[in-house]
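Side-chain atoms are counted along with the backbone in the values below, which use heavy atoms only and exclude waters and symmetry mates.
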Amino acid sequence: MKASERRQRIIELLDNNQPRKGTELAALLGVSRQVIVQDVAVLRAAGVNILATPQGYLLPGPDTRCRRTFACQHDLAGLERELQIMVDYGGKVIDVVVEHPLYGEIRGYLMLASRYDVQKFVADLKASGAKPLYTLTGSGVHLHTVEAAREDILDIIAAHLAKAGFLLE
């Protein structure tokens with residue numbers, strides 16, 4: 001299979017709005033994971049909007065849900081609880097964004113939609129030894145983009161984040 005054919009096949013495999021790990025794509029296409037990483041980089045450079053999430057690569061679908069950005073602040077102990085609030089009340093945590101003094105905005109795609117997703121993310125974070133992005137700011141301030149089916153769900157999430165002391169007003 002030629003590289004252009006393989007890249008087209010990657011787009012087709014990602015076109016159902018379900019994330020796929022690089023290792024899964026590599027196995028399906030009979031190449032190494034590194035070849036997939038390079039193909040994704042070429043596709044992105046060509047303008048294909050492929051997101052790299054903890055669950056795998058994703059082609060985002062059309063934006064039909066309501067979105068809101070929440071400014072939050074907490075310590076490490078609050079990380080899991082903050083994310084649980086967002087998903088427990090019907091939100092999907094799209095990303096986390098921090099403002100770095102040198103690099104400017106740094107965004108990490110999370111795509112967390114359930115308590116299971118949150119638990120897995122936190123477990124993977126601990127197992128990797130990596131620090132959450134909010135630790136780069138010094139103050140712990142960070143943003144989350146959250147989507148939900150309706151605006152009132154986002155209002156409920158905001159109220160519960162505020163009650164827990166995570167929401168910056």
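Linking Ile, Leu, Val, Met, Phe, Trp and Tyr whenever their side-chain heavy atoms come within less than 4.5 Å puts V31 and Y57 in one cluster. Note on M86 and I156: same hydrophobic cluster, where clusters join Ile, Leu, Val, Met, Phe, Trp and Tyr whose side-chain heavy atoms are under 4.5 Å apart, directly or indirectly. Residues V122 and F166 share a single hydrophobic cluster, defined by chaining ILVMFWY side chains whose heavy atoms lie under 4.5 Å apart. Both V48 and V35 belong to a single network of hydrophobic side chains, linked directly or stepwise wherever heavy atoms of I, L, V, M, F, W or Y lie under 4.5 Å apart. Taken together through direct or relayed side-chain contacts under 4.5 Å among Ile, Leu, Val, Met, Phe, Trp and Tyr, I106 and F121 form part of one hydrophobic cluster.
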(request) Dump the intermediate steps for salt bridge (charged side-chain N to carboxylate O under 4.0 Å, His left out) on E5 and K2, then the final yes or no. (result) CA-CA 5 Å; E5 294 168 344; K2 293 182 182 177; 5.5 Å; no
(request) Go through the steps to decide whether S114 and V87 satisfy the test side-chain contact (heavy atoms from CB on, under 4.5 Å), and finish with yes or no. (result) CA-CA 5 Å; S114 68; V87 300; 5.6 Å; no
(request) Could you please spell out the steps behind the salt bridge (charged side-chain N to carboxylate O under 4.0 Å, His left out) verdict for E147 and R68? (result) CA-CA 6 Å; E147 70 177 21; R68 189 175 301 171; over 6 Å; no
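Checking E80 against H74 by side-chain atom types alone, no donor-acceptor pair falls below 3.5 Å. Between E82 and H144, the side chains place a donor N or O and an acceptor N or O closer than 3.5 Å (distance only, hydrogens not considered).
To the nearest 0.5 Å, atom CZ of residue R67 and atom OG1 of residue T145 are 6.5 Å apart. Between the CG atom of L59 and the CD atom of E12 there is a distance of 11.0 Å, given to the nearest 0.5 Å. Between atom CG of residue D88 and atom CD1 of residue I157 there is a gap of 9.5 Å, rounded to the nearest 0.5 Å. Put simply, CD1 on I50 and CG on L43 are 4.5 Å apart, with the number rounded to the nearest 0.5 Å. Taking CG of D95 as the start and OH of Y109 as the end, the distance is 6.5 Å to the nearest 0.5 Å. The distance from the CZ atom of R81 to the CG atom of L161 is 9.0 Å, given to the nearest 0.5 Å.
Here the side chains of E105 and E99 are in contact, with some heavy-atom distance below 4.5 Å. In this structure, the side chains of R107 and L143 stay at 4.5 Å or more apart for every pair of heavy atoms. A heavy-atom distance below 4.5 Å is not found between the side chains of L14 and L58. Between Q38 and V42, every side-chain heavy-atom pair lies at or beyond the 4.5 Å cut-off. Residues L51 and M111 have side chains in contact (heavy-atom distance under 4.5 Å, counting atoms from C-beta outward). The shortest side-chain heavy-atom distance between V141 and C72 does not fall under the 4.5 Å cut-off. For the pair Y134/L79, a side-chain contact is recorded, criterion being any heavy-atom separation below 4.5 Å from C-beta on.
Of all heavy-atom pairs between L110 and Q55, the closest is O-OE1, 3.1 Å. Minimum heavy-atom separation, A148 to G91: CB-CA, 4.5 Å. When every heavy atom of L125 is checked against every heavy atom of P132, the shortest pair comes out as CD2-CG, 3.8 Å. Here the closest heavy-atom approach between residue G56 and residue T53 is recorded as O-OG1, 2.7 Å. Counting all heavy atoms, side chain and backbone alike, L133 lies closest to G108 at CD1-N, 3.8 Å. Between Y89 and I153, the shortest heavy-atom distance links the atoms O-CG2, 3.0 Å.
Here the rule is side chain to side chain contact (heavy atoms under 4.5 Å, CB included) with L28, and of L13, I10, I36, T23 only L13 fits it.
Here the side chain of K120 pairs no donor or acceptor atom with the backbone of R115 at under 3.5 angstrom.
Within 6.0 Å of atom CZ in R44, more than 12 heavy atoms from other residues, nucleotides or ligands are found, so the atom counts as buried in its surroundings.
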